[in-house]
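What follows is a set of notes on a single structure, which appears directly below.
These numbers were taken from a predicted model, which means no experiment stands behind them.
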Amino acid sequence: MIDKDSRYAKCLRYRDSNGDSLGMRFPIDTSPRFDDRFHTVTEGDRLDLLAHRYLGEPKLWWIICDYNDIFFPLELTPGTVLRIPSMDHVSMHILD
């Protein structure tokens, strides 16, 4: 079961001849917006904690990854500035 907040909620899903699920997640619009917020990474920051702080839900960490082209979520470098969308934008345009 895929939760409505999952990054796979809007992906194209189908089953192959073996019954295995396959899918493709479409990229989200990460164009800069006036209401984006910025966070400078400090030692001990984690994406799930930042997602909870800025988006109100730790399982939305993948949105911060998409907005910042992060491919290894466990390797945040202190001093890196992350762009984070507003909670309103996320709820109205990404999770709608």
Between Asp36 and His89, is the side chain to side chain donor-acceptor pair (under 3.5 Å) condition met? List the steps. CA-CA 9 Å; Asp36 286 346; His89 179 71; over 6 Å; no
Between Ile63 and Glu57, is the side-chain contact (heavy atoms from CB on, under 4.5 Å) condition met? List the steps. CA-CA 11 Å; Ile63 293 173; Glu57 180 58 61; over 6 Å; no
Apply side chain to side chain donor-acceptor pair (under 3.5 Å) to residues Asp88 and Ser86 and explain how you reach the verdict. CA-CA 5 Å; Asp88 287 343; Ser86 71; 5.3 Å; no
Between His39 and Leu50, does the side-chain contact (heavy atoms from CB on, under 4.5 Å) criterion hold? Intermediate values first, please. CA-CA 9 Å; His39 176 87; Leu50 295 175; 3.4 Å; yes
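In this structure, Pro32 and Arg83 have side chains that are in contact, with non-hydrogen atoms separated by less than 4.5 Å.
Atom CD1 of Ile64 sits about 4.5 Å away from atom CD1 of Ile84, to the nearest 0.5 Å. Put simply, CD1 on Ile94 and CD1 on Ile28 are 4.0 Å apart, with the number rounded to the nearest 0.5 Å. How far CG of Leu82 is from OG1 of Thr40: 8.0 Å, rounded to the nearest 0.5 Å. For the atom pair Leu47 CG and Trp62 CH2, the distance stands at 13.0 Å (nearest 0.5 Å). Atom CZ of Arg37 sits about 10.5 Å away from atom OH of Tyr67, to the nearest 0.5 Å. A distance of 9.0 Å separates CG of Leu60 from CE of Met87, quoted to the nearest 0.5 Å.
Shown here for Ala51 and Trp61, the closest heavy-atom pair between the two residues is CB-N, 3.6 Å. Considering all non-hydrogen atoms of both residues, Phe38 and Tyr54 come closest at O-OH, 4.2 Å. Residue Leu76 comes nearest to Pro73 through the heavy atom pair CG-O, 4.2 Å, listed as atom of the first residue, atom of the second, then distance.
Side-chain N or O atoms of Asn68 include none that pairs as donor or acceptor with a backbone N or O of Ile70 at under 3.5 Å.
Within a 6.0 Å sphere centred on CZ of Phe72, heavy atoms belonging to other residues, nucleotides or ligands number 12 at most.
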